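Written out below as structure tokens is the structure these notes cover.
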Amino acid sequence: MRASPPKESIDTDVCVIGAGAAGLTVASELGRAGQDVVLLESGGFAPEEDTQALNDLEVTGYPVRENFISRARYYGGSCNLWAGRSMRLTLEDVAPESDPERAGWPLAYAELSEWYPAATRVLRLPDPTLFEAAAHTQRLSRVERGLFDSGLVAPAISLWGRGPLRFGATLRAELRRSARVRVLLHGNALRLRADHEGRTITALDAAVLHGPSFEIRARRFVVACGGVENARLLLLSDVGNQHDLVGRYFMDHPRAVFGRVRLAPGARLPHLRGRPLADGKLQIGIGVPSAIRRAEGLLNHYATLESEFSGYAAAGYQTLVKSAKVVLRRGHAGSRWEVGRSRLSDIPGMIYLLTPKELMPHPLYRLYWAARSALHPRPDGRARVIVYFCEQPPNRESRVVLGGGRDALGQPKAELRWRMGSEVTRSLLALQERLSSALRAADIGEVEPGQGEPRYTDASHHVGTTRMSRDPRTGVVDRDCRVHGVANLYLAGSSVFPTAGHANPTPTIVALALRLADHLRRS
Ligand SMILES: Cc1cc2nc3c(=O)[nH]c(=O)nc-3n(C[C@H](O)[C@H](O)[C@H](O)COP(=O)(O)OP(=O)(O)OC[C@H]3O[C@@H](n4cnc5c(N)ncnc54)[C@H](O)[C@@H]3O)c2cc1C
């Protein structure tokens, strides 16, 4: 690994651009397979304000969270910030549909899902069979069983490892020892240079911020800069965009806190609240059964029931959570102090810091859970906020384009025109309605419906901007993640997903990165 500017021209077999979950997985797999790899990373080992600012967006669509809390531009990428919630895309998320906008994946589900077990190992998640609903039937509490037995709602399962895997830290020693992988820190990809006919990438132009420029020549290039920056680099390079598709179909997983559930006294919902496992954590969310979704044309949303004092509950808490993350140097990519914007009344939000999802170490979480279950074996009827995690349908006009402003390297910034779409709220209201009926049918509690329009927050899941498709007229990469029409250019990361389902993207990013490494190793 090196932090200093390299010589003017570097030659390698494979150049991987971006050392996040996707790039680190591809590079380490290829290194283990004996291929010579240069892994180029914009940042260093820790966040730096000026490098992070290279990610600044011009936001002209639906608002998104600030750059520094949403996309980390340093070694390890946004998995320096991620919460570790892991889910899988379902068969229906991946299946092609008749609507050309939802072109579906050009892969049979098995061609994706066969990589999930290996991704589960990479992510150090608990036993992958726990992703199956059947694995939990015997363990659900009486009221949880009643809820799902009603047939009105279906489970949506999330797993966490003991802590969110920090890819950069985990692979650092291996890459330092590797004779095959050279990691170049503080090197920014500026432009992919193609041959005369645009069919082969001959070199990558790169530069150190406030420093020298250099080029990398490689037999093959893998762009793994994240869901926004992948599109930006292709647009800056004028590569792969013959059908004006690069940057289009941007999706996230909109999240809304909307309405409450008033639970009946004694209603124990341990799996719905989230429970510890020996090697991680599990939470079961509530979705709409797939047959009903299909019949009613609904998106694949799910909901969780969270404590009022949860990071999801109120915007004021988020400010404190951000501040705490800055203080604890966890889960941020900058040093902007936010406490000045919070209020005294937000102080209960600090309790959030003691909740397991983000900051509590796993052994402490298990202790806390055991103590709480012993102290409150029959919980009082209490209110829980409903948090909706939503799918978005692909929309051509929801997109990343090159904006008017320039970054410190003189490159046009990315402009994000995120479109929400009324289908998201229609499906949310349908889920709210079903949840209400299921709670009443099982005599567990009541929904107090949300008022007005739900307000959505993005989840920092940047999906779809260089989507995969069999046909170059409907997508940017082919089923091998190779840019259509370019012999030696591949993309890794959630930008290649044609649909987003509701599943947090990282397990699928890792599964596809393993698949891509396997393809590159064989070809
Ligand atoms: C607060 C937060 C919570 C999250 N929680 C979850 C969760 O619970 N579950 C889940 O599945 N996902 C979660 N995510 C999303 C998850 O972090 C991302 O899906 C994942 O990190 C994407 O990995 P990636 O390698 O594709 O991209 P990135 O992590 O964005 O990595 C891209 C890398 O490329 C580098 N780079 C960018 N541009 C250039 C350039 N021009 N030249 C050189 N290098 C460049 C960047 O510095 C970065 O290191 C969360 C994200 C955030 C921010």
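Everything numeric here is computed off the predicted structure, so don't read it as measured data. Start at 1 and go down the list; that is how both ligands and their atoms are numbered. Residues take their numbers from the sequence shown, with the count starting at 1.
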query = Is Arg124 atom CZ crowded by more than 12 heavy atoms from other residues, nucleotides or ligands, each under 6.0 Å away?
reply = no

ask   = Would one find an N or O of Ser42, backbone or side chain, under 3.5 Å from an N or O of ligand 1?
value = yes

query = Taking heavy atoms and a distance under 4.0 Å, where does Ala19 meet ligand 1: side chain, backbone, both or neither?
reply = backbone

query = To which of Gly77, Cys225, Gly187 does the heavy atom nearest atom 32 (C) of ligand 1 belong?
reply = Cys225

ask   = So which of Trp82, Phe167, Tyr74 gets nearest to atom 6 (C) of ligand 1, if we judge by its closest heavy atom?
value = Trp82

task = Search all heavy atoms of Gln35 against all heavy atoms of Leu520 and return the closest pair with its distance.
result = NE2-O, 3.5 Å

query = Is the shortest distance from a heavy atom of Leu233 to ligand 1 less than 4.0 Å?
reply = no

message = Geometry only, no angles: is Arg85 polar-contacting ligand 1 at N/O separations under 3.5 Å?
response = yes

ask   = Between the side chain of Trp115 and the main-chain N/O of Ala513, is any donor-acceptor distance below 3.5 Å?
value = no

inquiry  = Using a 3.5 Å cut-off on N or O atoms only, is Asn504 in polar contact with ligand 1?
reply    = yes

request  = Could you say whether the N/O atoms of Glu41 and ligand 1 ever approach to under 3.5 Å?
outcome  = yes

inquiry  = Heavy atoms only, cut-off 4.0 Å: how does Leu24 contact ligand 1, side chain, backbone, both, or neither?
reply    = neither

Nearest candidate to atom 1 (C) of ligand 1, where distance is taken over non-hydrogen atoms, out of Val463, Leu81, Asp252, Leu236 = Leu81

ask   = Under a heavy-atom criterion of less than 4.0 Å, does Ser70 contact ligand 1?
value = yes

inquiry  = Quick check: Thr506 and ligand 1, any N/O pair under 3.5 Å apart?
reply    = yes

key: Proximal ligand 1 atoms for Gly226, defined as those under 4.0 Å from one of its heavy atoms   = 27 (O), 30 (O), 32 (C)

request  = Check Val26, Leu112, Thr25, Leu491 against Leu512 for a side chain to side chain contact (heavy atoms under 4.5 Å, CB included) and give me the one that passes.
outcome  = Leu112

task = Locate the shortest heavy-atom distance separating Ala27 from Leu39; write the atom from each residue and the value.
result = CB-CD2, 4.0 Å

ask   = Which residue from Ser78, Gly43, Gly44 reaches closest to atom 30 (O) of ligand 1 through any of its heavy atoms?
value = Ser78

query = Do the side chain of Thr465 and the main chain of Val228 share a donor and acceptor less than 3.5 angstrom apart?
reply = no

inquiry  = With a sphere of 6.0 Å drawn around CG of Asp480, does it hold more than 12 non-hydrogen atoms of other residues, nucleotides or ligands?
reply    = yes

ask   = Do the ring planes of Tyr75 and Phe45 sit parallel (below 30°), tilted (30 to 60°) or perpendicular (above 60°)?
value = perpendicular

inquiry  = Please report whether ligand 1 has a polar contact with Gly84, defined as an N or O pair separated by less than 3.5 Å (distance criterion only).
reply    = yes

inquiry  = Can you tell me how the ring of Tyr62 sits relative to the ring of Trp418, calling it parallel under 30°, perpendicular over 60° and tilted otherwise?
reply    = perpendicular

query = Does any N or O atom in Ala459 lie less than 3.5 angstrom from one in ligand 1, N or O only?
reply = no

query = Relative to ligand 1, is Ala224 under 4.0 angstrom through side chain, backbone, both or neither, heavy atoms considered?
reply = backbone

ask   = With a 4.5 Å limit on heavy-atom distance, are the side chains of Leu235 and Asn241 in contact?
value = yes

request  = Could you tell me whether the side chain of Arg248 and the main chain of Pro394 form a donor-acceptor pair under 3.5 Å?
outcome  = no

ask   = Which residues pass the salt bridge (Lys or Arg N to Asp or Glu O under 4.0 Å) test with Arg482, sequence neighbours left out?
value = Asp478

query = Short N/O distance, under 3.5 Å, between Ala22 and ligand 1?
reply = yes

key: ligand 1 contact on His461 by region, counting heavy-atom pairs under 4.0 Å   = side chain

note = Counting from 1 in the order shown, the ligand 1 atoms closer than 4.0 Å to a non-hydrogen atom of Asn188 are 42 (N)

